[in-house]
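First up is the structure itself, then whatever we jot down about it.
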Amino acid sequence: MPAKVQDTSRARTKQNQLRERRAALGFLAPNLLGFLLFTIIPIGASLVLSFFEWPLIGNAIYAGFDNFVRLLTQDPVFWPIVGNTAYFVVGYVALNLAVSLGLALWLTTRIRFRGFYRFVFFLPVVSPMVANAMVWRMMYRREDGIIAQVLESVTGTTGPNWLGDTRWSMLAVILMSLWAGFGYNMIILIAGLEAIPGSIHEAASLDGANWIQRLRNVTLPLLTPSLFFATVMTIISSLQVFAQPFILTGGGPGISTSTIVFYLYQKGFQAYEMGYASAIAWILFLVIMAITLVQFRLQKRWVHYS
Amino acid sequence: MTTSNQASRSRLTLGISQTLLTLAALVVLFPFVWMFSSALKPTSEVFSTPPSLVGSEIMWSNFAEAWTYLPFGRFMMNGIIVSGVGTLVVVVSSSMAAYAFSRLRWRGRDGVFLVYLGTLMIPQEVLVVPMFILMRYLGWIDSYLGLIVPWAFTAFGTFLLRQFFLTIPDELEDAARIDGANRWRTFAQIVAPLALPAVGTLAVFTFIGYWNSFLWPLLVVSDVNMATVPLGLNMFLGQTGNQWNLLMAAAAISVIPSAIIVLALQRYLVSGIALSGMGGR
């Protein structure tokens, strides 16, 4: 008797497992199929492509590491473009974090109409980047743009030729991107600030800590996880900057605002060198990976997890 | 005496703080104001000296002209179709997959999920070259399929919803299963409704992502009738040359849906950013 009971219950669990597995397959199938076709296979194909020389119309020729060697050692444009991208990333990330942190701290003080300010600061984040860049392209015009005219009425000169001078063009792209992007980190940091228990602040105040002491010793340390996340994500996304230089300057003047992705676009979709463009993409990926790994290594030094 | 002094001093700081913040908000808002203002000016006054917010004449007709100069209604319709269908596919397929990853037990589950996770780090640019070749091969250039499908199955949505599904207690589902409900019913009637905040957040972000996407439409669309809004704006820029008032009218039209989304769904946006942005905590 007992043996038989065990038998049927084991059969039942086995049947249950089978049913669960079949259900899992049903739930997973649509997404997994698409994921294989449109993520996994393209990743593999991209890696393979980077070892081929393939003008879109014509035959692919196996080239070994030629694309990478050419890119890193012979291409006269590649390193200047890496430099431009680094300039953008450093300038944009530093300004973005400073502005978003400042405003997040400001917006969590006792202030009225918080919702309104949050709306205004967040609006450029969701409005199309192409539209954002277009209005700035108009505002940046040399003599008659609104920025030049305001500068003239204040300082007496129209200021630099923002988009036409290689010394200023990347700064112009950075400032425009800052305006379009800081609202995102601001929201992340506000959420981080609001998660800090009020009792900690009260305790610090009772101990006689003033505003600056509380900021340095309480608020900022407790905010470091959010700051770390914002920094990592902002660096990753700014390494991929494309639409802003595309619309504002077309990568110019010269190549002063050409970035890695802009160059990838030119090589892949204007010169149709598919293998070369894939090699650029993988270099970009390696740079992103390396920088992110280093940041995770360094986080122990400054990020506090409670 | 001192307390009333302190109170009035803190009211003064609050007033100054409020004023400065309003100034900052006006500066940030200004490019949009300038966009609308330029959109309403006659062509000759867009770059007038001295600059003025209002031209000699308010040209509402610029909006009508921008709307018909290129098929802007068509751009908006394409944008709505691509973003709407894309969002639907993303939400349905990734919530189903998230369910399989979080609530069902099957062999190989954690391994497959690890592969999903691994692709999160890979930038879109690695995918665009082979994806473009695939689109040519499938004949999806200049089509809705080509705009929607390639980005409808990325790992992000599945990852986000799985994390949320894991926070829903098992007991709720178990009770329904004892009453005889199968997995599809408990998914549709218990887990999915409870996950609505997370699903809503994913939907809003996916919609905005599709709506604003520029690089991919630039690659797979050359037919003006298949352009989405950002691509349409870029075509506009190429064609109008110096008619900045029409260009700004078109840009202004494209900003309005975004403004409505922020106003109506700010709560979802904020909670969504907090949700994905609090990864460190």
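All values below come from the heavy atoms of this structure, side chains included, with hydrogens, waters and symmetry mates left out. Letters A, B, ... mirror the listed sequences (proteins, then strands); counts begin at 1.
Top candidate by heavy-atom pairs under 4.5 Å with chain B, chosen from N31(A), D144(A), V125(A), is N31(A). Listed options R107(B), M121(B), Q124(B) were ranked by heavy-atom pairs under 4.5 angstrom with chain A; first place goes to M121(B). Chain B forms the most heavy-atom pairs under 4.5 Å with one residue out of E143(A), Q299(A), E194(A), R118(A), and that residue is R118(A). Interface check for chain B: of the options A277(A), A45(A), S278(A), P124(A), the most heavy-atom pairs under 4.5 Å are formed by P124(A). For the options V255(B), I122(B), V149(B), V229(B), heavy-atom pairs under 4.5 Å to chain A are most numerous at I122(B). Chain B forms the most heavy-atom pairs under 4.5 Å with one residue out of W136(A), W179(A), F121(A), F116(A), and that residue is W179(A). Between chain A and the residues F132(B), F30(B), W211(B), the most heavy-atom pairs under 4.5 angstrom are made by F132(B). Comparing N182(B), L215(B), V128(B) by heavy-atom pairs within less than 4.5 Å of chain A, the highest count is held by L215(B). For the set M139(A), Q17(A), M129(A), R112(A), the entry with the most heavy-atom pairs within less than 4.5 Å of chain B is R112(A). For chain A, the option among V112(B), V90(B), I261(B), L20(B) with the highest count of heavy-atom pairs below 4.5 Å is L20(B). Contact tally against chain A (heavy-atom pairs below 4.5 Å) for P31(B), S95(B), A97(B): the top residue is P31(B). Considering only heavy-atom pairs separated by less than 4.5 Å from chain B, the leading option among R110(A), R141(A), E152(A) is R141(A).
Looking at W54(A) and I133(B), their side chains come closer than 4.5 Å, going by heavy atoms from C-beta outward. Between Y265(A) and L218(B), some side-chain heavy-atom pair lies under the 4.5 Å cut-off. Residues M96(B) and P30(A) form a side-chain contact, since some pair of their non-hydrogen atoms from C-beta on lies under 4.5 Å apart. Side-chain contact check for L237(B) versus V130(A): every heavy-atom pair is 4.5 Å or farther apart. Within the 4.5 Å cutoff, side-chain heavy atoms of V28(B) are placed close to those of F182(A). At least one side-chain heavy atom of F38(A) sits less than 4.5 Å from a side-chain heavy atom of M131(B). For the pair S46(A)/V126(B), a side-chain contact is recorded, criterion being any heavy-atom separation below 4.5 Å from C-beta on. Side-chain contact between I41(A) and L134(B): absent, with no pair of heavy atoms (C-beta onward) separated by less than 4.5 Å.
Residue W151(B) does not touch chain A at all, counting heavy-atom pairs closer than 4.5 Å. Neither the backbone nor the side chain of R19(A) comes within contact range of chain B; no heavy atom of the residue lies under 4.5 Å from a heavy atom of that chain. Only the side chain of T292(A) comes within contact range of chain B, with at least one heavy atom under 4.5 Å from a heavy atom of that chain. Neither the backbone nor the side chain of I256(B) comes within contact range of chain A; no heavy atoms are under 4.5 Å apart. With a 4.5 Å cut-off on non-hydrogen atoms, I111(A) touches chain B through its backbone and its side chain both. Of the atoms belonging to V92(B), not a single heavy atom falls under 4.5 Å from chain A. Heavy-atom distances place the side chain of L284(A), and not its backbone, under 4.5 Å from chain B. Proximity to chain A is absent for every atom of R109(B), based on heavy atoms less than 4.5 angstrom apart. At a 4.5 Å heavy-atom cutoff, the contact between L32(A) and chain B is made by backbone and side-chain atoms alike. In this structure, the portion of L103(A) lying under 4.5 Å from any heavy atom of chain B is its side chain and not its backbone. For V89(B), no part lies under 4.5 angstrom from a heavy atom of chain A. Proximity to chain A (any heavy atom under 4.5 Å) is restricted, for I208(B), to the side chain, taken from C-beta onward.
Shown here for S258(B) and S127(A), the closest heavy-atom pair between the two residues is OG-CA, 3.5 Å. Of all heavy-atom pairs spanning A23(A) and W184(B), the tightest one is O-CZ2, 4.4 Å. Residues F119(A) and A259(B) approach most closely at CE1-O, 3.9 Å, considering heavy atoms. Summarising the geometry of Q149(A) relative to P51(B), their closest heavy-atom pair is OE1-CD, 2.8 Å, with the distance given to 0.1 Å.
Considering E20(A), R22(A), R21(A) as possible partners of L104(B), the one that fulfils the side chain to side chain contact (heavy atoms under 4.5 Å, CB included) test is E20(A).
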Open item on the list: Run N132(A) and F32(B) through side chain to side chain contact (heavy atoms under 4.5 Å, CB included) and show every step you take.
Closed with: CA-CA 8 Å; N132(A) 288 346; F32(B) 292 120; 3.9 Å; yes
Open item on the list: Quick one, Q18(B) with F113(A), criterion side chain to side chain contact (heavy atoms under 4.5 Å, CB included). Give me CA distance, side-chain angles, the key distance, then yes/no.
Closed with: CA-CA 9 Å; Q18(B) 197 87 46; F113(A) 316 119; 3.7 Å; yes
TODO: Apply the test side chain to side chain contact (heavy atoms under 4.5 Å, CB included) to residues M35(B) and M138(A): give CA-CA distance (whole Å), side-chain angles for both, the deciding distance (0.1 Å), then the verdict.
DONE: CA-CA 9 Å; M35(B) 188 189 278; M138(A) 191 178 94; over 6 Å; no
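With a 6.0 Å cutoff to the six-membered ring centre and a 45° limit on the axis angle, R183(B) does not count as a cation-pi contact of F27(A).
Taking CE of M134(A) as the start and CZ of F236(B) as the end, the distance is 8.0 Å to the nearest 0.5 Å. Atoms OG1 and CG, from T109(A) and L21(B) in turn, are 7.5 Å apart once rounded to the nearest 0.5 Å.
Using a 4.5 Å cut-off between non-hydrogen atoms, the part of residues 266-275 of chain A that approaches chain B consists of F269(A), Y272(A), M274(A). Of residues 239-246 of chain A, those residues lying under 4.5 Å from chain B by any heavy-atom pair are Q240(A), F242(A), A243(A), F246(A).
Counting heavy atoms of neighbouring residues, nucleotides and ligands inside a 6.0 Å radius, atom CE of M233(A) does not exceed 12 of them.
Aromatic ring centroids of F153(B) and F35(A) lie 6.0 Å or more apart.
Residues in residues 20-38 of chain B take part in these side-chain hydrogen bond (donor to acceptor under 3.5 Å, both in side chains) pairs, two or more places apart or across chains: Y117(A)-T22(B).
Not counting sequence neighbours, the partners of F101(B) by the ring pair (Phe, Tyr, Trp, His ring centres under 6.0 Å) test are W106(B), F113(B), Y116(B).
Here the side chain of T39(A) pairs no donor or acceptor atom with the backbone of T154(B) at under 3.5 angstrom.
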